[in-house]
2 protein chains.
Amino acid sequence: MNTNIIYGHVERLSELLRLDSRTAGLEYGLQPVQLEVLRYLSVSNRFSDTPMAVTEYLGQTKGTVSQTLKVLEKKELLVKKNDEKDRRSTHLVLTEQGQKLLEEIIPSEVFLNACKDLTGSERKDITAALARLILSLLKANNMKTFGVCKTCRYNTRTNTGDYYCNLVKTALSDYEVELICREHQAPEGEV
Amino acid sequence: MNTNIIYGHVERLSELLRLDSRTAGLEYGLQPVQLEVLRYLSVSNRFSDTPMAVTEYLGQTKGTVSQTLKVLEKKELLVKKNDEKDRRSTHLVLTEQGQKLLEEIIPSEVFLNACKDLTGSERKDITAALARLILSLLKANNMKTFGVCKTCRYNTRTNTGDYYCNLVKTALSDYEVELICREHQAPEGEV
DNA sequence: GGATATAGTATCGAGTAAAAACTATCTTGA
DNA sequence: TCAAGATAGTTTTTACTCGATACTATATCC
C-alpha cells in the first residue's frame with residue numbers, strides 16, 4: 001500500500017514538472033524533452049555527449065532522439081562535431097546560445113518560488129529522498145546511473161593527485177570529474 | 001545551487017516514471033496520460049469526477065482532456081453519466097474493466113521492484129519528501145491541492161460522529177472522506 | 001576480408017496537446 | 001424576467017512526440 005502512495009506522489013510530481021517545463025519552454029518554442037536534452041548535454045562529459053548516450057539516458061529509441069536532436073540543431077542550440085577516432089560517432093556540443101537559453105529557462109520562475117518555500121533541511125531531505133528513489137528505479141530498470149566521475153568506482157587519483165579513469169584509461173581534469181558519464185558505476189557495495 | 005540539483009532530480013525521476021508508465025501501458029495500448037486519468041478517477045469523489053476537474057488536476061486545456069476521455073470511453077474503461085442537477089455536467093465513472101486494468105498495470109512490476117529495494121524508513125522519508133515538494137509546487141503554481149476530504153478544512157464531524165462537508169453542505173461516508181476532492185483546502189496555517 | 005555489431009538518419013503512423021470556435025446549460029443582475 | 005455573461009463540454013486544426021522499420025556508414029571480430 002505504501003508503494004501505491006509513493007507511485008501516486010511520483011506521478012503527480014512528474015505531471016507538475018512536465019507542466020512547468022512545457023510552460024517554461026513555450027515562449028522559446030521548446031518542448032519538455034528538448035529542454036531535458038539540453039540540460040543533460042550541459043553536464044555530460046566527452047564520453048557521454050553522443051546521440052547514443054542521450055538515447056540511453058532518456059530510455060527512448062535512437063530514431064526518436066535523432067529527431068529531437070535535429071530540431072535542436074536547426075534552432076542552433078547545439079552543433080554536431082565528428083569524433084576524430086570513430087567516424088560513426090558524433091559529439092553534441094551546446095552553442096553559446098543554447099547554454100544561455102538553458103540557464104535562463106531552467107529552473108523556471110515557478111519552480112524557484114516553490115523551492116523558496118522550503119527550509120534548508122527540507123531541501124536536504126528532499127534531495128536525498130529523490131536521489132535514493134532514482135537509484136532504485138534505475139536499478140530496477142537495469143539502466144545506467146549516469147553519475148559524475150567523482151563518484152565512480154573507475155575514478156582514481158594518481159600519486160600526483162590528478163584524477164584518472166581506469167575504464168577509459170585517461171586523465172581527467174578537476175572540471176571533468178564533476179560531469180556526468182554514461183559509464184558511471186557506483187562503488188561496490190553501494191546499492 | 002541546491003535548487004538546481006533538486007530540479008535535476010525531479011526531472012530525472014519524472015522521465016523515469018514516464019518511461020515506466022509508457023512501457024506499462026504499451027501492451028494495453030494506453031498512454032501515460034490516460035493511465036493518469038484512470039488513476040485520478042479511481043480515487044476522486046463525486047464532486048471531482050468531471051472532465052473539468054480532470055482538466056484542473058492535469059493543468060491541461062479542456063479540449064485536450066476531452067480528447068483523452070473520448071479515447072478511454074471508446075476503450076470502455078470509463079462511462080459518462082449525466083449530472084442530475086446540472087445538465088451541463090457529466091460524471092466519469094470507471095467501468096469494472098477500467099478498475100481492473102488499472103490495478104493490474106499500476107504500479108508496474110518495475111516500480112514495485114524498485115520499492116522492494118527500499119527500507120521501511122526510506123519509504124517513509126521518500127513519501128514525506130515527495131508530499132512536501134508537491135505541496136510547494138502546487139502553491140507556486142496556484143493550483144489546487146487535490147487532497148482527501150479527511151484532511152480538509154471544510155470537513156467536520158457532527159455530534160453523532162458522522163463526517164460533514166461545510167462547503168457543499170453534505171454528509172460524507174467513512175469511505176468518501178478518503179477520496180480526493182477538487183475543492184480540498186488544507187487547514188489554515190498549514191502551508 | 002567477410003560477417004556482424006554499432007552509430008546514426010529517414011520515413012511513416014498513431015497519438016498528445018494547445019488554440020480557437022462552437023453548442024448547451026446555468027446564473028446573475030438590471 | 002430575460003438578456004448578458006459564465007460555465008461545462010465537444011470538435012477541428014495544427015504542431016509536435018515517439019516507436020517501428022528500413023536504411024547508410026563505419027568499426028570490430030574471427
Side-chain angles (χ1 to χ4, degrees), chain A residues 14-15 18-37 46-75 78-92 182-183, chain B residues 14-15 18-38 46-75 77-92 182-183:
Chain A
S14 174
E15 181 61 32
R18 202 167 174 75
L19 189 61
D20 184 52
S21 170
R22 186 175 296 282
T23 312
L26 188 64
E27 67 177 296
Y28 299 92
L30 288 174
Q31 303 293 321
V33 188
Q34 294 165 356
L35 284 176
E36 213 167 332
V37 170
R46 55 191 151 118
F47 311 114
S48 317
D49 59 357
T50 65
M52 271 315 289
V54 175
T55 300
E56 277 183 0
Y57 182 77
L58 293 180
Q60 299 183 337
T61 61
K62 54 185 181 173
T64 300
V65 170
S66 183
Q67 289 311 302
T68 303
L69 295 174
K70 205 165 107 181
V71 174
L72 292 174
E73 195 185 10
K74 203 163 155 191
K75 285 180 188 286
L78 61 78
V79 290
K80 291 178 183 166
K81 301 211 167 156
N82 294 327
D83 188 292
E84 289 167 12
K85 288 180 186 163
D86 188 337
R87 294 176 53 205
R88 293 171 304 183
S89 186
T90 51
H91 295 271
L92 305 162
R182 68 189 291 200
E183 304 299 349
Chain B
S14 174
E15 180 61 33
R18 201 167 173 76
L19 189 60
D20 184 53
S21 170
R22 186 175 294 283
T23 312
L26 188 63
E27 67 177 298
Y28 299 91
L30 288 173
Q31 303 292 322
V33 188
Q34 294 166 356
L35 285 174
E36 213 168 331
V37 170
L38 291 180
R46 55 190 151 121
F47 311 114
S48 318
D49 59 356
T50 65
M52 270 317 288
V54 175
T55 299
E56 277 184 359
Y57 181 77
L58 293 181
Q60 299 183 337
T61 62
K62 55 185 181 174
T64 299
V65 171
S66 184
Q67 289 310 303
T68 303
L69 294 173
K70 205 163 108 181
V71 174
L72 292 174
E73 194 184 13
K74 203 164 156 190
K75 284 180 189 287
L77 299 176
L78 61 78
V79 290
K80 292 178 183 166
K81 301 209 167 157
N82 294 328
D83 187 291
E84 289 167 10
K85 288 181 188 163
D86 188 337
R87 294 175 54 204
R88 293 169 303 182
S89 186
T90 50
H91 295 272
L92 306 162
R182 68 189 291 201
E183 304 299 348

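Only this structure's heavy atoms are used, side chains among them; waters, hydrogens and symmetry mates stay out. The sequence lines fix the lettering, A, B, ..., with proteins before strands; numbering per chain opens at 1.
- When each of A/Thr90 and A/Arg22 is assigned the nucleotide of DNA chain C with its nearest heavy atom, A/Thr90 is the one assigned upstream, toward the 5' end.
- Checking side-chain atoms of A/Ser66 against main-chain N and O of A/Lys62 turns up no donor-acceptor pair under 3.5 Å.
- OP1 or OP2 of C/dG15 has not a single side-chain nitrogen or oxygen of B/Gln34 nearer than 4.0 Å.
- Between A/Gln31 and the phosphate of D/dC16, there is no side-chain N or O to OP1/OP2 separation shorter than 4.0 Å.
- Rounded to whole Å, the distance from CZ on B/Arg88 to P on C/dC22 is 21 Å.
- Atom NZ of A/Lys81 has 12 or fewer neighbouring heavy atoms from other residues, nucleotides or ligands inside a 6.0 Å radius.
- As rounded to whole Å, 10 Å separates atom P of D/dT26 from atom CG of A/Asn82.
- Checking the phosphate oxygens (OP1, OP2) of D/dT10, a side-chain nitrogen or oxygen of B/Lys80 falls inside 4.0 Å.
- Contact check, B/Ser89 against D/dG9: a side-chain N or O comes under 4.0 Å of OP1 or OP2.
- Residue B/Asp86 forms a side chain to side chain contact (heavy atoms under 4.5 Å, CB included) with just one option from B/Asn82, B/Asp83, B/Thr90, and that option is B/Asp83.
- Atom pair A/Leu58:CG and D/dC18:C1' shows a separation of 11 Å (rounding to whole Å applied).
- Taking the nucleotide of DNA chain C with the nearest heavy atom to each of B/Lys85 and B/Gln67, the more 5' of the two is matched to B/Gln67.
- Within 4.0 Å of B/Thr50, counting heavy atoms only, lie sugar-phosphate atoms of the nucleic acid but no base atom.
- Look at B/Thr64 and you'll find a side-chain N or O under 4.0 angstrom from OP1 or OP2 of C/dA18.
- A side chain to side chain contact (heavy atoms under 4.5 Å, CB included) with B/Leu72 is found for exactly one of B/Leu92, B/Leu35, B/Val79, B/Val37, namely B/Val37.
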